[in-house]
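The sequence lines fix the lettering, A, B, ..., with proteins before strands; numbering per chain opens at 1.
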Amino acid sequence: MRWSNAFIPTLREDPADSEAVSHRLLMRGGFIRQLMAGSYSLLPAGFRVATKLSDIIRDEMNRIGGQEFSLPVVHPGEIWKRTGRWDDVEGILVKFQDRRGTDLLLAITHEEIFSHLAVEMSSYKQLPQLWYHLQTKFRDEPRPKAGLLRVREFVMKDSYSFDVDTEGLDVQFDAHFDAYSRIFERFGMSAVPVDASSGVMGGTESIEFMVPSLVGEDHIVKCPNGDYAANLEKAVSHFQQVTDETWSRDPERFSTPGIRTISELAEAFEFASDVRQIKTLVYIVDGQPLLVLLRGDHELMEQKLIDGLGTQNVRPAHEDEIRELLGAGAGSLGAVGVSGLSIVADPALEGRCNMTTGANEDDFHLRGVDVTRDIALESWLDVRKVEAGDPCLSCSAPMEIERVIEVGHIFKLGIKYSEALGATVLDEEGKARPLVMGSYGIGIGRNMAAIVESNHDDKGIIWPMSVAPWHVVVVVLGGDSDVEAAAIQVHDRLESAGIEVLLDDRRERAGVKFHDAELIGFPLRITMGPRGLADGVVELTTRADGTTETVSFENVVDTVSRRVVSADL
RNA sequence: CGGGCUGUGGCGCAGCUUGGUAGCGCGCUUGACUGGGGGUCAAGAGGUCGCCGGUUCAAAUCCGGCCAGCCCGACCA
């Protein structure tokens with residue numbers, strides 16, 4: 001390919017509306033252009049990279065027995081009504097009608113349709129199955145951002161496994177775990193697998209693959225010894241222990257005028273340091289009030305509450321609801337003596353006594369509270385948000401919190417969809433059993449962005465060889481026709497050797513060509529100018545470390561071929 | 001959905017307060033010189049100033065409405 005015939009619109013300056021490094025570099029390098037919020041066109045260079053990612057994914061999916069499909073993007077609403085998601089999924093699901101008034105939707109994922117196809121299987125003998133496709137999803141996200149990292153329209157590889165029992169599911173899940181690990185390695189990223197919350201997908205177990213990045217939207221908790229890693233939404237840990245002095249009397253009410261926060265109370269009274277307070281939060285769960293108790297210095301992780309309660313319908317109570325329920329405003333709330341309301345408490349409060357909490361009367365608190373004695377708990381529920389430095393459960397080392405990008409997610413789905421859609425097979429005893437499903441996703445565009453986030457410098461992108469749009473660029477310097485002829489020869493020989501090469505034959509100055517080459521991030525650059533050619537040599541520059549070596553004109557194709565192959569495609 | 005901000009040649013921006021000729025840099029076209037890290041000179045092309053309405057003799061500029069995009073938060077299968 002000749003650059004002079006290619007559409008690679010590089011930009012000299014940063015586009016105005018871009019924050020994330022990957023967004024800037026993919027725009028400037030001529031890989032992508034924005035169409036509207038959360039919607040990007042892939043330009044030829046971008047599409048070449050996307051194709052590389054897709055091919056690697058296909059390779060690894062096929063290796064574990066995957067069969068590739070291609071399913072529609074517009075679905076009938078009827079099937080989604082059967083699984084309940086037509087109504088359950090709020091906001092991001094785009095619904096519309098065709099000319100006959102039939103309800104339709106844009107696919108946000110493909111569980112329904114793959115399950116619908118799986119209805120055709122009738123015997124356990126046909127299992128296991130592993131089906132996948134690479135297809136467009138449209139999720140009308142409230143806030144797309146950071147270029148390709150969070151978009152509304154995107155291509156995802158999603159696969160679905162079907163088994164007769166959970167043992168089969170476990171096997172397929174583990175196979176995906178291995179396949180995903182290989183995929184991200186081939187993408188040139190170090191992805192950390194972490195325990196994740198399954199959200200409303202209703203699965204039993206799920207693992208997210210996370211790549212560290214300052215622009216990531218998720219946080220993970222990591223043990224420095226590698227003993228533990230989890231999404232912050234689900235992470236658990238030890239916490240600093242507190243020894244209480246005994247207080248055998250009943251709780252004692254005392255006046256706390258104007259005090260509304262944990263820290264104000266801790267400052268005002270020596271016996272009420274934050275670890276000796278009970279934090280009382282009021283939530284509305286499925287329309288019913290719920291008190292959530294935490295140690296004063298601990299934060300609530302709402303997702304853990306949602307997961308623990310098993311319902312998505314959870315929100316903090318409003319100020320007026322709180323006052324009506326407990327008779328005081330936030331800041332003076334407590335659970336002592338409260339009856340008729342569900343109360344859950346974080347295990348960090350277990351066995352604690354001589355605690356301080358609100359008296360459910362503005363400007364008054366209670367001291368000497370014994371959690372088990374004085375509060376009518378319904379249950380213990382770990383809802384504490386892990387903080388940086390909290391000790392690891394297995395080795396007690398202080399854990400770290402890291403910002404990450406979610407590049408892949410694997411789920412044990414269970415039978416939610418197969419049951420709703422009647423996807424059953426007969427087992428060995430002739431009994432109908434719903435297929436046990438798993439679902440597994442990798443977003444192409446987000447991974448492209450994540451690769452750039454983890455492979456760049458101040459000059460531009462540094463593509464790993466495996467996913468580079470071209471392996472090598474041949475830069476022709478000077479207007480000399482002999483040099484150009486020699487460059488064309490090198491280009492043609494590389495191409496016949498199966499190397500992906502772009503010939504920069506533009507009538508540009510050397511600086512422009514070098515800057516563009518570095519911005520776009522070709523792993524290798526061959527520089528050919530009259531000077532070297534007179535001596536029968538060319539220069540070979542490695543993008544990653546910036547080193548340049550001199551190679552003879554005759555050997556350059558061999559040298560480059562070896563370098564491309566040894567980079568482990 | 002709440003808060004903040006922005007829409008002016010392909011890209012990045014100024015002009016708006018105080019209404020009157022639409023401007024700069026980059027890019028683009030042609031020519032000359034130059035030719036190993038975004039070069040120089042000369043001559044050009046290119047804009048319904050996001051859209052609709054209002055005020056005014058006159059609107060990029062003032063007023064109202066709408067649309068789009070960005071950032072923070074909420075949200076996020």
*R143(A) near the nucleic acid: base, sugar-phosphate alone, or nothing, with a heavy-atom cut-off under 4.0 Å?*
base
*For nucleotides U6(B) and G15(B), find the distance between their P atoms and express it as a whole number of Å.*
11 Å
_Note: R543(A)-D457(A) ion pair, threshold 4.0 Å (strictly below)_ = yes
*Find the partner of A22(B): check Watson-Crick (N1-N3 plus N6-O4 or O6-N4) and G-U wobble (N1-O2, O6-N3) distances, both under 3.5 Å, and reply none if neither fits.*
none
_Mate of G47(B) where both pairing distances stay under 3.5 Å, Watson-Crick or G-U_ = none
*For nucleotides U21(B) and G65(B), find the distance between their C1' atoms and express it as a whole number of Å.*
31 Å
*Summarise protein proximity over nucleotides 28-39 of chain B in one line of letters, 5' to 3': B for base, S for sugar-phosphate only, - for none, counting protein heavy atoms closer than 4.0 Å.*
------BSBBBB
*Can you name the nearest heavy-atom pair linking V192(A) to A229(A), along with the distance?*
CG1-CB, 4.2 Å
*Euclidean distance for P, G38(B) against A32(B) (whole angstrom)*: 23 Å
_Complementary nucleotide for A58(B) - Watson-Crick or wobble, under 3.5 Å_ = none
*Using the P atom in both, what is the distance from A14(B) to C66(B), to the nearest Å?*
26 Å
_Run the ring pair (Phe, Tyr, Trp, His ring centres under 6.0 Å) test against W86(A) and tell me which residues pass, sequence neighbours left out._
none
*Strand partner of C41(B), provided both Watson-Crick or wobble distances fall under 3.5 Å*: G31(B)
*Looking only at atom types and distance, does a side-chain atom of K412(A) sit under 3.5 Å from a main-chain N or O of D170(A), one as donor and one as acceptor?*
no
*Would you kindly say whether E453(A) and S22(A) are connected by a side-chain donor-acceptor distance under 3.5 Å?*
yes
*Taking CD1 from I306(A) and P from A74(B), how many angstroms apart are they, rounded to a whole number?*
13 Å
*Between Q172(A) and Y440(A), do the side chains contain an N or O donor and an N or O acceptor separated by less than 3.5 Å?*
no
*For Y132(A), enumerate each residue passing the ring pair (Phe, Tyr, Trp, His ring centres under 6.0 Å) test, keeping only those at least two apart in sequence or located in another chain.*
none
*Between E13(A) and P144(A), just flag the one whose closest nucleotide in RNA chain B comes earlier from the 5' side.*
E13(A)
*Quantified in whole Å, what is the P atom distance between nucleotide G54(B) and nucleotide A59(B)?*
12 Å
*Between U8(B) and G69(B), how far apart are the C1' atoms? Round to whole Å, please.*
15 Å
*When the P atoms of C62(B) and G19(B) are considered, how many whole Å apart are they?*
9 Å
*Complement of G36(B), any strand, by Watson-Crick or G-U distances under 3.5 angstrom*: none
*H133(A): what forms a ring pair (Phe, Tyr, Trp, His ring centres under 6.0 Å) with it, not counting sequence neighbours?*
H110(A), F114(A)
*Look at the side chain of A37(A) and decide which nucleotide, out of C75(B), A74(B), C70(B), has an atom nearest to it.*
C70(B)
Enumerate, atom names and distances included, each donor-acceptor pair closer than 3.5 Å involving a side-chain atom of residues 474-491 of chain A, sequence neighbours excluded.
residue	atom	partner	partner atom	Å
D480(A)	OD1	D482(A)	N	2.9
H491(A)	NE2	M1(A)	N	2.8

*What do the steps show when you test D14(A) against R24(A) for salt bridge (Lys or Arg N to Asp or Glu O under 4.0 Å), and what is the final call?*
CA-CA 6 Å; D14(A) 279 336; R24(A) 283 208 324 264; 3.3 Å; yes
*So what's G73(B) paired with, Watson-Crick or G-U wobble, going by both distances under 3.5 Å?*
C1(B)
*asked:* Can you check the distance between G9(B) and C51(B), where both ends of the measurement are the P atom (answer in whole Å)?
replied: 10 Å
*Is A107(A) touching bases, backbone alone, or none of the nucleic acid, heavy atoms closer than 4.0 Å?*
nothing
*How do D14(A) and G38(A) order along RNA chain B: which one's closest nucleotide is nearer the 5' end?*
D14(A)
*For atom NZ of K145(A) and atom P of C71(B), their distance in whole Å*: 8 Å
*Is there a side-chain polar atom (N or O) of Q34(A) under 4.0 Å from OP1 or OP2 of C70(B)?*
yes
*CD-CD distance between E112(A) and E78(A), expressed to the nearest 0.5 angstrom*: 11.0 Å
Any protein N or O atoms within reach of nucleotides 2-5 of chain B? Criterion: under 3.5 Å, listing atom names and distances.
none

